[in-house]
There are 2 protein chains.
Amino acid sequence: MSDVPNETAQVERAMERLGDAAYREMKERIIRGVYKPGHKLTVRAVAQDLDVSTTPARDAINRLTNEGALVYAGPKTVVVPVLDAAALREITLTRLALEGLASEQAALHGTPEDVNKLRSLQALINVALEEKRYAEALWHNKEFHFLIYRLSGFPHLVSIIESLWLRIGPSLHNLYPEFAREKYGVRNHEVAMEALEERDGAGLRAAMENDIRDGYRRLKRANQERDEG
Amino acid sequence: MSDVPNETAQVERAMERLGDAAYREMKERIIRGVYKPGHKLTVRAVAQDLDVSTTPARDAINRLTNEGALVYAGPKTVVVPVLDAAALREITLTRLALEGLASEQAALHGTPEDVNKLRSLQALINVALEEKRYAEALWHNKEFHFLIYRLSGFPHLVSIIESLWLRIGPSLHNLYPEFAREKYGVRNHEVAMEALEERDGAGLRAAMENDIRDGYRRLKRANQERDEG
DNA sequence: TTCACAATTTTGTTGCAACAAAAATGGGGC
DNA sequence: GCCCCATTTTTGTTGCAACAAAATTGTGAA
């Protein structure tokens, strides 16, 4: 009694709702830093940006606001959130719990091919850092992390983690120069790859948690310096 | 007629968008078991149920689908999800990580008044169980947990946890008779209240994790029995 | 000049109609 | 009787216009 959606199942991604496309596009723009913290978003402006009508644009904004990627700054204004110290801490603790869990599970399913893919991504990160293309390094860094998390086999967990990245993403673009100083997360990533290779769940979790904590410290310091300066 | 914007500033939650109201109402219905697993939802039906037009109804459905509380069962059908073993496990592990974190943080901020409120809730749970009003017991159980989680001071974490409850909620209503057998979570709740009283973060976390694990086992067993029978 | 207030513009929300696609129905052929 | 295909109905998506509320601008008086 199967409803035979088997053939369309694979193709149905091609037929995407405009609202979904807008949502996805907005997410990418936020993470890529196109919309910076404090940026005010209006329904009609977004609609024009994405070349759709107000309905899908509103859909996307609503969903993003619902998951905290955008916040209300007033009765009629949604903005990309500027994180204060408390919010940053909350997100970091949540990330540690969730990305730690995902990493640990990932170690159970990782294959040598996965490790190779990670190596390629790490190479891209290194090159981007070398050439000071920080936005690109950030993007590949995201891919590195999520390649691991997806190995957990927990799709919904991954999407929750994604929503957390959406919230810190914009803030990261504020501290480009910082990244060069200490190569961003390179050492942690290497340890992570080794752990994955050895199917060492605890080790992988520790490496990823370290990476998160390093990023947190850097971000916190940058914010403090900004508030003082 | 009278605008008086100054006064409305604090009350502005009273002026709620129809879409938000629909979203909130749908959430409560899902958790309360009005919409059971497998229940198919149509935009127009929901609109009629909630007595609004299609736009807010669609808003609510979209947001709920986005956070996994509803799922696509076909090209044009969203339903309340029926959890399989894998999904149940994923949610439980995620809950352990998140609700554990929230509990630990809650222990830092809990006051004697909070403990008293918990006692009142527990009394309500006990009475409801005694009189076999299981839906009500379930509802108070939810309040018990979230009263604790909110003490963490991490609002976004709480809302993520809420979205997880939204996903398991419907399944709980399938095993009412089970609840009577062993009083649902009573012992764990007592330990939790003690731990909170003593500001014992690790102890509170352990009690809540135990509660989650107990529920998981019960749910898993019920599903197995259903699949076999 | 500055402040208050009214008019205008911008903006979010909502309902609705038009369209497309999927499901349900029913009728005709085998 | 059963199955296939055309027709009808149901349903989701989308764009848009009307409305309300907030922000902005402009104007006039002190």
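Here is how names work: the chains are called A, B, and so on, in the same order as the sequence lines, proteins then strands, and each is numbered from 1.
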Report task. For A:Leu41 and C:dT13, give me the distance from atom CG to atom P, rounded to whole Å. Result -> 13 Å
Report summary line: Of the candidates D:dA22, C:dA18, C:dG12, the side chain of A:Val43 sits closest to C:dG12
**Report entry** Whole-Å gap separating C1' (C:dT11) and CG (A:Asp49)
**Finding:** 16 Å
**Report entry** For atom CG of A:Asp59 and atom P of D:dT14, their distance in whole Å
**Finding:** 8 Å
Report task. Output the single nucleotide from C:dG12, C:dC16, D:dG15 whose closest atom is nearest the side chain of A:Leu18. Result -> D:dG15
**Report entry** Rounded interatomic separation in angstrom, taking CG from B:Leu50 and C1' from C:dT14
**Finding:** 15 Å
**Report entry** Side-chain donor/acceptor of A:Arg58 to base of C:dG12, under 3.5 Å
**Finding:** no
Report summary line: To the nearest angstrom, the NZ-P distance between B:Lys76 and D:dT14 comes to 11 Å
**Report entry** Proximal nucleotide (of D:dG15, D:dG12, D:dC16) relative to the A:Val52 side chain
**Finding:** D:dG15
Report task. Kindly indicate whether the side chain of A:Thr55 and the base of D:dG15 share any N or O donor-acceptor pair separated by less than 3.5 Å? Result -> yes
Query raised in the report: Among side-chain atoms of A:Glu99 and A:Trp165, is any donor-acceptor pair under 3.5 angstrom?
Result: yes
Query raised in the report: Between B:Pro170 and B:Val80, what is the shortest heavy-atom contact and its length?
Result: CG-CG1, 3.6 Å
Query raised in the report: What closest approach, in Å, do A:Ala97 and B:Leu98 show between heavy atoms, and which atom pair accounts for it?
Result: CB-CD1, 4.3 Å
Query - Separation of D:dG12 P from B:Arg63 CZ (nearest whole Å) - result: 18 Å
Requested in this report: If the plane angle is over 60° it's perpendicular, under 30° parallel, otherwise tilted; pick one for A:Phe144 and A:His189.
Outcome: parallel
Report summary line: Between B:Ser163 and B:Glu67, the two heavy atoms sitting closest are CB-OE2, 3.3 Å
Query raised in the report: Want to settle it: does B:Ala45 or A:Asp51 sit nearer the 5' end of DNA chain D, counting the closest nucleotide to each?
Result: B:Ala45
Requested in this report: Write down the distance between CZ (A:Arg44) and C1' (D:dA18), rounded to a whole number of angstrom.
Outcome: 11 Å
Requested in this report: Give the nucleotide from the list C:dT14, D:dT13, C:dG12 with an atom nearest to the side chain of B:Ser53.
Outcome: C:dT14
